[in-house]
Participant: 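Before I ask anything, here is the structure I am working with.
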4 protein chains.
Amino acid sequence: MNVATTSPRRKELVRIAARLFVEEGYDRTTVRMLAQEMGIKSGSLFHHFADKQEILCAVIEEGMFSALAIAHEHLANLDNSLAADTPRAQAHLRLLALARAHLDTLLTDRNAHVVALYEWRRIEGPAREHLVQQRDEYEALWRSAIEDGVATGLLRGDASLLRQFVLGALNWSVRWYRADGERSPDELAEALIDSVCHPQ
Amino acid sequence: MNVATTSPRRKELVRIAARLFVEEGYDRTTVRMLAQEMGIKSGSLFHHFADKQEILCAVIEEGMFSALAIAHEHLANLDNSLAADTPRAQAHLRLLALARAHLDTLLTDRNAHVVALYEWRRIEGPAREHLVQQRDEYEALWRSAIEDGVATGLLRGDASLLRQFVLGALNWSVRWYRADGERSPDELAEALIDSVCHPQ
Amino acid sequence: MNVATTSPRRKELVRIAARLFVEEGYDRTTVRMLAQEMGIKSGSLFHHFADKQEILCAVIEEGMFSALAIAHEHLANLDNSLAADTPRAQAHLRLLALARAHLDTLLTDRNAHVVALYEWRRIEGPAREHLVQQRDEYEALWRSAIEDGVATGLLRGDASLLRQFVLGALNWSVRWYRADGERSPDELAEALIDSVCHPQ
Amino acid sequence: MNVATTSPRRKELVRIAARLFVEEGYDRTTVRMLAQEMGIKSGSLFHHFADKQEILCAVIEEGMFSALAIAHEHLANLDNSLAADTPRAQAHLRLLALARAHLDTLLTDRNAHVVALYEWRRIEGPAREHLVQQRDEYEALWRSAIEDGVATGLLRGDASLLRQFVLGALNWSVRWYRADGERSPDELAEALIDSVCHPQ
DNA sequence: CATGAATGAGGATTCATTCAT
DNA sequence: GATGAATGAATCCTCATTCAT
């Protein structure tokens with residue numbers, strides 16, 4: 001009932017909800033479907049969440065949180081391994097790390113981050129605030145990386161537009177990417193970053 | 001009642017439906033809302049469409065059709081005005097024309113094409129076939145333009161991935177673009193094409 | 001619009017309605033189905049009939065009328081051909097003639113008489129009066145034949161019950177009789193009459 | 001929700017539904033009428049039954065089941081009391097027992113068995129299978145009794161037709177029998193069996 | 001915590017009927 | 001007479017939510 005509660009049981013429920021929301025869409029996922037998949041009856045769901053929208057909130061929060069966490073993780077790896085390089089090369093590697101992290105949560109971990117991107121509109125009221133904050137934090141990572149890219153001549157054009165384009169291309173990949181295809185999410189990330197970076 | 005029917009009344013209804021579907025999403029748009037906005041009673045809607053899904057079909061069809069029509073129009077203008085040019089410059093202009101056309105239907109004409117992109121999943125059964133055909137036809141335009149871009153050295157990388165990236169970046173713009181902002185759809189199109197094209 | 005109207009067009013419509021009412025049942029037969037089968041649009045139906053119930057009335061009336069007509073016809077044939085016989089034999093032949101006539105309208109001509117028997121309940125109001133009259137007239141034929149049967153020792157038991165039993169057995173045959181089976185309606189009629197008549 | 005479920009609540013609901021189906025007919029009985037009579041709201045009905053047709057199924061099943069049960073009961077009483085008799089007398093008694101049992105469920109217990117006979121057509125799909133089985137089992141009782149009747153000279157004619165006639169006469173009695181009339185269902189049963197049995 | 005029964009508001013859809021053209 | 005569009009009331013059914021047990 002408490003939004004902040006993060007019992008292991010709740011974590012599990014959120015994971016299941018995320019999957020269903022991706023498969024069916026939030027609107028078409030009924031509380032009964034959620035309960036069934038969780039092995040309980042629909043009435044019991046409301047012991048864990050105040051209402052259906054709170055489930056969505058929890059999923060989106062989880063999605064944003066893990067996107068942020070994984071992005072930080074990828075960036076941290078970078079700092080450790082290859083610190084000595086040109087600013088331009090560094091900017092390139094950061095972009096690559098962010099793109100890989102993004103597709104990692106989106107296409108590999110799947111679900112929660114996808115919901116965070118695609119069902120955003122359904123959230124209203126005060127719950128939105130918190131989510132907006134998280135999103136801004138995540139975008140700040142990208143903003144800084146892209147600006148560095150522009151500053152070092154790696155990228156050309158308006159930094160703000162570039163961010164929207166790159167994120168858009170990445171986000172949309174959910175729609176067409178098949179896990180059983182010939183390319184890995186990492187290869188996608190590389191291809192995209194390559195296509196917008198100017199060599200030398 | 002007939003899917004192929006394109007009475008002026010029906011056209012009008014489709015336009016209104018497109019707007020509501022964009023504003024609220026297909027699932028949250030009730031038949032009553034549609035009827036109200038159309039100035040009729042909900043029962044009367046079924047004089048024009050067999051069921052709610054047929055309305056969605058009609059909107060998507062309209063969206064794909066107009067996207068295709070406007071793309072062809074932009075391309076035709078191109079052929080007339082500047083036919084004598086280097087292949088590379090021609091490829092560039094074609095990409096630009098396609099991108100402008102895309103954002104034109106998406107952000108200016110709005111609605112029908114947006115629905116075509118975002119509510120695609122809800123369509124099932126034989127209606128899907130026809131839509132897939134139209135989509136393929138539209139993508140073929142892009143495919144050829146992008147391949148020419150790669151062939152002339154204007155673009156670098158895998159043509160298929162590039163197409164997905166560019167279309168993804170364009171499609172996602174619906175989510176963040178504000179008509180009252182400082183940039184026009186045309187400027188967006190140019191910025192995007194510039195960001196993936198290699199100079200000289 | 002006039003109940004008494006019996007234009008050839010209307011006759012045709014009544015015949016079609018009778019068929020649909022038998023196939024689907026009155027409640028499940030929509031005005032649109034009727035119109036479609038008649039080759040007109042549903043709105044036009046109301047130029048011929050005031051409302052759906054009037055169609056049912058017309059069908060039932062037609063069913064009762066033709067049952068009565070055919071019964072009279074069969075009885076008339078009897079009078080002409082074999083007038084000189086024992087009263088008992090005469091009663092037997094009358095019963096047989098009535099049973100044959102009954103199954104003739106029910107299983108051969110089909111439809112209208114079936115509706116008259118099975119959708120009787122749906123009729124309310126003043127329309128019922130007229131139909132009750134017709135039904136009473138028809139039952140009077142049976143009543144007299146059965147009473148003669150009892151009087152001559154051909155049948156045994158309460159005349160009123162016997163009539164209900166015989167008519168019930170005949171009416172119910174609609175439910176199980178298959179035209180493509182091995183027995184003709186006439187054979188059914190004979191078998192039934194035989195089974196309740198006492199020999200000698 | 002489960003077809004096999006036979007909670008006491010469900011039993012109660014089925015009984016009420018049976019009454020309404022007889023009074024109004026399945027098609028004209030609305031879900032709201034059922035709910036109202038049951039003292040719940042229409043939405044709650046679907047807690048107990050998947051859809052309206054499942055209610056009909058349950059009623060018919062109950063009707064067939066009780067018809068079968070009561071028939072067996074009547075036959076059992078017979079076996080105990082008068083086992084030593086001529087085969088012909090035995091056949092007579094069995095027919096009488098079956099006829100009484102039939103009218104007992106039809107006119108006394110009422111409702112469920114009536115629905116089973118008169119709304120049979122509305123059932124489609126796999127639900128039908130089970131019902132057909134039950135019906136066949138019930139008819140087998142009659143088949144054997146009638147065949148014994150024919151074998152012992154009690155009845156004359158084609159056994160199969162005789163069964164249809166007798167059952168038809170019994171089934172149709174629902175249409176004209178009035179409980180407040182002068183004859184009891186048992187008297188009806190006797191009269192019918194008498195009328196088709198040949199003395200001595 | 002969990003359940004099963006209930007709710008009530010709203011969902012899409014049907015359909016007899018009306019009526020201007 | 002015929003039509004097509006419209007109506008409005010009713011239809012079956014769904015579903016998030018509540019709550020006594």
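Below, chains carry the letters A, B, ... as their sequence lines are ordered, and counting in each starts from 1.
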Participant: Using the P atom on both, measure F:dT21 against E:dC1 and round to a whole Å.
Facilitator: 23 Å

Participant: Calculate the interatomic distance between C:E24 atom CD and E:dC15 atom P; express it in whole Å.
Facilitator: 11 Å

Participant: Write down the distance between CZ (B:R32) and C1' (E:dT13), rounded to a whole number of angstrom.
Facilitator: 10 Å

Participant: Does a side-chain N or O from D:R9 land closer than 4.0 Å to OP1 or OP2 of E:dG4, or not?
Facilitator: no

Participant: Might you confirm whether atom CD of D:E23 has over 12 heavy atoms from other residues, nucleotides or ligands at distances under 6.0 Å?
Facilitator: yes

Participant: Hey, does B:S44 reach any base, or is it just sugar-phosphate, or nothing, if we go heavy atoms under 4.0 Å?
Facilitator: base

Participant: From E:dA5, E:dA2, F:dC12, pick the nucleotide closest to the side chain of D:H47?
Facilitator: E:dA5

Participant: Tell me if a side-chain donor or acceptor on D:R175 pairs with a main-chain N or O of C:L117 at a distance below 3.5 Å.
Facilitator: yes

Participant: Which one, F:dA10, E:dA6, F:dT3, comes nearest to the side chain of C:K41?
Facilitator: F:dT3

Participant: Using modelled atom types only, decide if a donor and an acceptor are shared between the side chain of C:E119 and the backbone of C:V115 within a distance under 3.5 Å.
Facilitator: no

Participant: What's the closest nucleotide to the side chain of A:H48 if the choices are E:dG10, E:dA2, E:dA5?
Facilitator: E:dA2

Participant: Just the rounded figure in Å: distance from P of E:dT14 to CZ of B:F46.
Facilitator: 7 Å

Participant: From CG of C:D27 over to C1' of F:dC12, roughly how many Å is that when rounded to an integer?
Facilitator: 15 Å

Participant: So, are B:R15 and B:E62 salt-bridged, with charged N and O less than 4.0 Å apart?
Facilitator: no

Participant: Rounded to whole angstrom units, what separation is found between the CZ atom of B:R122 and the C1' atom of E:dA12?
Facilitator: 16 Å

Participant: Which nucleotide, in any strand shown, forms a Watson-Crick or G-U wobble pair with F:dA6, with both distances under 3.5 Å?
Facilitator: E:dT17

Participant: Between E:dT14 atom P and D:K52 atom NZ, what is the distance in whole Å?
Facilitator: 15 Å

Participant: Could you tell me whether the side chain of C:S44 and the main chain of C:I40 form a donor-acceptor pair under 3.5 Å?
Facilitator: no

Participant: Within this structure, what is the CG-to-P distance between C:L45 and F:dA2, rounded to whole angstrom?
Facilitator: 10 Å

Participant: May I have the distance from B:D51 (atom CG) to F:dC12 (atom P), rounded to whole angstrom?
Facilitator: 20 Å

